[in-house]
Engineer: 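Submitted below is the structure of interest, expressed as structure tokens.
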Amino acid sequence: MSRTFKALSALLCYPTEDLQAAIGEIRTILADEAVLTPPQVAALQPLLERMETTDIFDLQEGYVLLFDRSRTLSLNLFEHIHGESRDRGGAMVDLLETYRAGGFDLVGPELPDHLPVLLEFLSTLPAAEARGLLADAGPILAVLAERLTRRETPYAAILSALADLGQAANDTEVAAALLAENDDDPEDLAALDAVWEEAQVTFAPDPNAGCPVSRDILAKMDAPQKPITSPARAGTLN
């Protein structure tokens with residue numbers, strides 16, 4: 001299961017030429033580990049083919065438009081539940097402590113609740129424990145799968161597979177409340193600017209930035225034992 005989570009994490013990262021070159025390896029991992037069902041693997045093929053054949057700049061532009069310019073599709077999971085409230089800071093700290101307890105520190109600019117980072121962490125856990133953490137995020141995963149399906153993007157297959165692994169459904173009370181929100185229009189720049197102007201709080205692992213609680217804890221952390229890095233930057237799926 002570990003390499004499957006690494007592969008899915010890589011696919012959800014900002015596209016790079018290294019990721020394009022690794023698509024063949026990703027196909028092999030998905031087939032060999034058989035964590036996903038054959039229909040789930042088949043549903044991922046359009047995304048894999050797109051990654052292989054599309055110009056890298058078009059892939060990157062599409063990724064930014066989809067995930068970075070649309071708050072309702074953000075891959076930062078806590079944003080969907082807590083927005084930019086103080087509760088999100090506490091949730092970030094709890095998640096960082098979970099990583100820390102597993103012998104890992106977060107390295108890089110991503111937030112702790114960034115889905116590719118979480119998947120990278122899950123790749124280090126026993127299968128049952130990994131599925132349990134996926135279940136905790138289940139309602140958000142199910143909502144993201146539904147929203148991406150509405151957008152008719154091949155990325156929907158990843159979120160649908162993760163929601164299935166976490167035995168998540170989009171008919172829970174939390175999921176229903178999230179789906180009741182209007183989807184962002186990434187082309188409506190004025191509306192998006194208004195949303196992001198309100199989102200000034202950051203929780204990245206920078207001792208000189210972020211909410212005070214998170215900053216104080218991060219400042220006391222020792223050097224990382226096994227840093228978590230994005231597979232796209234790490235350049236390996238091993």
Engineer: What is the distance from atom CG of L119 to atom CG of L75, rounded to the nearest 0.5 Å?
Structural biologist: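 Here the rounded value is 9.5 Å.
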
Engineer: Check side chain to side chain contact (heavy atoms under 4.5 Å, CB included) between T124 and all other residues, then give those that pass, not counting sequence neighbours.
Structural biologist: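 With neighbours one apart ignored, the set is F104, F121.
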
Engineer: Side chains of V35 and L165: does their closest heavy-atom pair fall under 4.5 Å?
Structural biologist: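 Counting from C-beta outward, V35 and L165 do come under 4.5 Å.
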
Engineer: Are the side chains of R151 and L73 in touch, meaning some heavy atoms are under 4.5 Å apart?
Structural biologist: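 A side-chain contact exists here, since the closest heavy-atom pair is under 4.5 Å.
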
Engineer: T37: which residues meet the side-chain hydrogen bond (donor to acceptor under 3.5 Å, both in side chains) condition with it, sequence neighbours left out?
Structural biologist: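 Here the qualifying residues are Q40.
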
Engineer: Side chains of L47 and T153, heavy atoms from C-beta outward: is any pair under 4.5 Å?
Structural biologist: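 They are not in side-chain contact.
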
Engineer: Would you check if the side chain of R147 reaches a backbone N or O of T72 as a donor-acceptor pair within less than 3.5 Å?
Structural biologist: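 Confirmed, R147 side chain pairs with T72 backbone.
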
Engineer: Rounded to the nearest 0.5 Å, what's the gap from CG on L8 to CG on L159? Could you check?
Structural biologist: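 CG of L159 is found 10.0 Å from CG of L8.
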
Engineer: Considering residues at least two apart in sequence or located in another chain, which fulfil the side chain to side chain contact (heavy atoms under 4.5 Å, CB included) criterion with A43?
Structural biologist: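 Side chain to side chain contact (heavy atoms under 4.5 Å, CB included) check on A43 returns A157.
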
Engineer: Tell me, with the steps shown, if E146 and V143 meet side-chain contact (heavy atoms from CB on, under 4.5 Å).
Structural biologist: CA-CA 5 Å; E146 174 68 21; V143 167; 5.7 Å; no

Engineer: Just how far is it from atom CG of L59 to atom CG of L19, taken to the nearest 0.5 Å?
Structural biologist: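 Answer rounded to 0.5 Å: 8.5 Å.
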
Engineer: Looking only at heavy atoms, which two atoms of S123 and F5 are closest? And how far apart?
Structural biologist: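 In this case the closest contact between S123 and F5 is CB-CB, 3.8 Å.
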
Engineer: Hey, is the main chain of A145 close enough, under 3.5 Å, to the side chain of T149 for a donor-acceptor pair?
Structural biologist: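 The answer is yes, because a donor-acceptor pair under 3.5 Å joins these two groups.
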
Engineer: Looking at residues at least two apart in the chain, or sitting in another chain, which of them share a side chain to side chain contact (heavy atoms under 4.5 Å, CB included) with D58?
Structural biologist: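 Scan of D58 (side chain to side chain contact (heavy atoms under 4.5 Å, CB included), adjacent residues dropped) gives T54, D55, E61.
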
Engineer: Taking C-beta and beyond as the side chain, do L95 and F78 meet within less than 4.5 Å on heavy atoms?
Structural biologist: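 Side chain of L95 against side chain of F78, heavy atoms only: contact under 4.5 Å found.
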
Engineer: Determine whether T4 and L30 make a side-chain contact, defined as any pair of heavy atoms from C-beta on separated by less than 4.5 Å.
Structural biologist: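 They are in side-chain contact.
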
Engineer: Could you give the distance from CD1 (I26) to NZ (K6), rounded to the nearest 0.5 Å?
Structural biologist: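 Reported value, rounded in 0.5 Å steps: 12.0 Å.
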
Engineer: For the residue pair L11 and L48, establish whether any side-chain heavy-atom pair is separated by less than 4.5 Å.
Structural biologist: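 Sidechains of L48 and L11: in contact.
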
Engineer: So, for A42 and P46, which heavy atoms are closest and what is the spacing to 0.1 Å?
Structural biologist: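 Scanning both residues completely, I find the closest heavy atoms to be O-CD, 3.6 Å.
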
Engineer: Just verifying a value: how many Å separate I23 CD1 and E49 CD, rounded to the nearest 0.5 Å?
Structural biologist: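 That separation rounds to 10.5 Å.
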
Engineer: Inspect the contact between R3 and E25 and indicate whether a charged nitrogen and a carboxylate oxygen are less than 4.0 angstrom apart.
Structural biologist: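 Salt bridge: yes.
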
Engineer: Check L66 against Y155 and note the closest heavy-atom contact, atom names and distance.
Structural biologist: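 Taking L66 first and Y155 second, the nearest heavy atoms are CD2-CD1, 3.6 Å.
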
Engineer: If the condition is side-chain hydrogen bond (donor to acceptor under 3.5 Å, both in side chains), which residues does E52 pass it with, not counting sequence neighbours?
Structural biologist: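 Residues passing side-chain hydrogen bond (donor to acceptor under 3.5 Å, both in side chains) with E52: R27.
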
Engineer: Taking side chain to side chain contact (heavy atoms under 4.5 Å, CB included) as the definition, give me every residue that meets it alongside Q60, ordered by chain and number, with sequence neighbours left out.
Structural biologist: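 Q60 satisfies side chain to side chain contact (heavy atoms under 4.5 Å, CB included) with Y14, P15, I56, F57 once adjacent residues are dropped.
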
Engineer: Quick one: does L162's side chain get under 4.5 Å of L144's, heavy atoms only?
Structural biologist: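 When only atoms from C-beta onward are counted, L144 and L162 do not touch, as no gap falls below 4.5 Å.
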
Engineer: Distance check, rounded to the nearest 0.5 Å: D113 atom CG versus S74 atom OG?
Structural biologist: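 Taking CG in D113 and OG in S74, the distance rounds to 7.5 Å.
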
Engineer: Report yes if some heavy atom in the side chain of L115 is under 4.5 Å from a heavy atom in the side chain of I140; otherwise report no.
Structural biologist: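 They are not in side-chain contact.
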
